[in-house]
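Note that the numbering runs from 1 along the sequence shown for the chain. Predicted, not measured: the structure shown is a model, and the values here were computed from it.
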Amino acid sequence: MNRPLRVLFVTPEAVPFAKTGGLADVAGALPKFLQPLGCELKMVMPYYRMVKESGLPLRYLAMEMDVPIGDEMLRAEIYQAELKEGIPVYFIGRPEFYDREYLYSTPKGDYFDNAERFIFFSRAAIILCQRIGFSPEVIHHHEWQTGLVPAYLRSIYREDPLFSRTAIVFTIHNIAYQGIFKKEKFSLTGLPGEMYNPEGIEFWERINLMKAGIVYADAITTVSQKYSEEIQTPEYGYGLEGILRKRREDLYGILNGVDYQEWDPSHDPHLIARYSPEDLSGKRACKKDLIKEFNLSPSLEHSPLLGMISRLADQKGFDLLAEILDELFTLDVGFVLLGTGEEKYQILFTEVARKYPKKAGVRIAYDNRLAHKIEAGADLFLMPSKYEPCGLNQIYSLKYGTIPVVRATGGLDDTIVNYDPATKRGNGFKFSRYDPKEFLDQIKAAIGFYYRPEHWGQLQRNAMEADFSWERSAGAYLQLYRRVMEKKGLSS
Ligand code: ADP
């Protein structure tokens with residue numbers, strides 16, 4: 001089939017325009033890799049202040065749209081940029097909604113009008129298609145902020161021929177954030193009243209926008225196979241496990257890719273030295289440089305150096321780490337952490353750095369350059385997450401020959417294979433139970449192999465050989481698009 005497949009991406013964020021998390025990396029990368037596979041892509045996202053101030057070339061389209069919200073018609077301005085040649089990104093502008101310091105929440109909590117902001121956005125994305133005359137064969141929309149898109153297409157826009165041959169794929173990047181609002185907000189959507197019921201958008205007498213995506217999309221994906229299974233259980237499903245189990249035939253896990261142009265020690269401009277699996281001497285230079293960066297004891301050069309880069313959030317397992325830190329520092333190890341987030345963890349780790357000034361380095365910041373230096377300079381990378389839909393840092397770590405110690409959850413479980421000294425297979429260390437002792441045991445196991453070069457060298461080679469490029473993931477998404485179209489009888 002030679003004709004390109006018309007695909008619309010509807011996303012609340014995308015690199016390089018605006019980012020709060022891994023979703024932005026996916027939305028900014030996946031379209032670029034789908035295009036050469038034969039997709040004609042267009043994207044739509046909100047015109048946040050962050051976009052306006054990004055310094056990227058954007059143009060204002062003299063095309064305004066009126067978007068119904070409740071009884072009102074609200075005006076949207078449209079801006080446009082290119083993700084790359086041939087992939088236009090349309091930005092839905094409304095200063096009252098999006099010209100703000102943050103995307104969804106301030107350090108004090110969520111914006112009070114997130115329902116209005118994203119009901120407006122979801123509907124505007126559909127009206128945009130009408131205005132530009134784009135008839136997508138696939139709409140791929142992401143996270144709760146866009147959850148209403150299929151609800152609209154199945155109701156208000158049902159008769160519009162523009163969408164009569166459209167398959168809808170919804171991706172959940174993190175089910176802990178669902179977009180739950182008071183039921184009074186339902187009237188803002190303009191959706192028919194019957195959609196407000198427990199089989200639809202209602203969620204315990206409130207509305208749940210992620211649930212709308214799950215109920216009304218043709219297929220649902222998450223960012224790893226394991227997470228797609230986990231979210232069907234009460235422990236991980238955050239109340240949506242029942243509806244997901246109902247839709248399990250249409251639920252898929254597709255692992256995110258990573259951008260090896262950005263994350264590869266053989267050509268990483270942020271490093272003091274570059275290296276490859278054939279010659280790891282550059283990694284030793286990076287370790288020395290990292291020890292210097294954090295002003296740690298130079299003698300650590302010959303001891304295992306443990307690294308972490310993370311949002312400081314409960315999800316990431318910092319409570320487990322907190323419980324083992326003192327015991328950890330009785331061992332001959334160094335520890336470096338880069339992160340921003342919850343104040344309690346900022347205080348905790350600042351205190352750790354004070355208590356162990358020669359062994360522990362902590363930087364409370366968002367710093368991409370330092371993130372690269374940690375990936376390269378550390379020996380072990382710690383990710384004891386409570387849940388982890390996909391996780392990127394463990395995949396970067398593999399490429400940098402930095403051995404991950406992870407909890408076996410979500411994408412961590414799908415990407416990390418326990419090292420087996422008998423077969424010399426495996427690329428890291430993992431533990432199952434959310435338990436500090438299990439975590440510490442795996443760190444100790446890893447340290448044991450660190451001092452046995454024949455095993456450590458093998459582990460590093462195994463890790464660096466793994467391939468999680470976007471080409472693979474993009475192929476899987478395209479296959480899914482085709483499968484969904486076929487299932488709906490839409491194959492051309
Ligand atoms: P999540 O999306 O849950 O935050 P991921 O591991 O999927 O976790 O992705 C996190 C991304 O953000 C990675 O690219 C990581 O390097 C980056 N990152 C997180 N915290 C920081 C920080 N403080 N400084 C620099 N980069 C960070």
Regarding Arg131 and Glu64, does a basic nitrogen lie under 4.0 Å from an acidic carboxylate oxygen? no

Are Tyr434 and Glu235 linked by a side-chain donor-acceptor pair shorter than 3.5 Å? no

Can you tell whether the side chains of Asp250 and Lys487 come within less than 4.0 Å, N to carboxylate O? yes

Can a salt bridge be assigned to the pair Asp319 and Lys344 using a cut-off of 4.0 Å between side-chain N and carboxylate O? no

Taking NZ, NE, NH1 and NH2 as the nitrogens, is one of them in Glu40 or Arg6 under 4.0 Å from a carboxylate oxygen of the other? no

Quick one about Gln261 and His267 (side-chain donor to acceptor, distance below 3.5 Å, no hydrogens or angles considered), yes or no? no

Phe91 and its ring-ring contact (aromatic ring centres under 6.0 Å, His included) partner, picked from Tyr60, Phe17, Tyr79, Tyr48: Phe17

Distance-only polar pair, side chains of Ser122 and Thr146, donor-acceptor under 3.5 Å: no

Glu143 side chain to Asn174 side chain, donor-acceptor N/O pair below 3.5 angstrom: no

Test: Lys488 and Asp218 ion pair at under 4.0 Å: yes

Counting only heavy atoms not in Asp71 (residues, nucleotides, ligands), do more than 12 fall under 6.0 Å from its CG? no

Verify the ring-centre separation between Phe431 and Phe439: is it less than 6.0 angstrom? yes

Using ring centroids (six-membered ring only for Trp), state whether His140 and Tyr481 fall under 6.0 Å. yes

Residues Lys316 and Glu388 bridged, charged N to O under 4.0 Å: yes

Tell me whether the centres of the aromatic rings in Phe97 and Phe121 are closer together than 6.0 Å. no

Donor on one side chain, acceptor on other, Glu229 and Gln225, under 3.5 Å: yes

Is the NZ or CZ atom of Lys42 both under 6.0 Å from the centre of the six-membered ring of Tyr90 and within 45° of that ring's axis? no

With distance as the sole criterion, is a donor-acceptor pair present between the side chains of Gln232 and Arg245 under 3.5 Å? no

Strictly below 4.0 Å, N to O, side chains only: are Lys19 and Asp25 in salt-bridge contact? yes

For Asn114 and Tyr104, indicate whether the former's side chain and the latter's backbone hold a donor-acceptor pair under 3.5 Å. yes

Are the side chains of Thr171 and Thr222 in touch, meaning some heavy atoms are under 4.5 Å apart? no

If we ignore angles and hydrogens, is there a donor and acceptor under 3.5 Å between the side chains of Asp99 and Tyr47? no

Can you tell me if Lys84 and Gln35 form a side-chain donor-acceptor pair at under 3.5 Å? yes

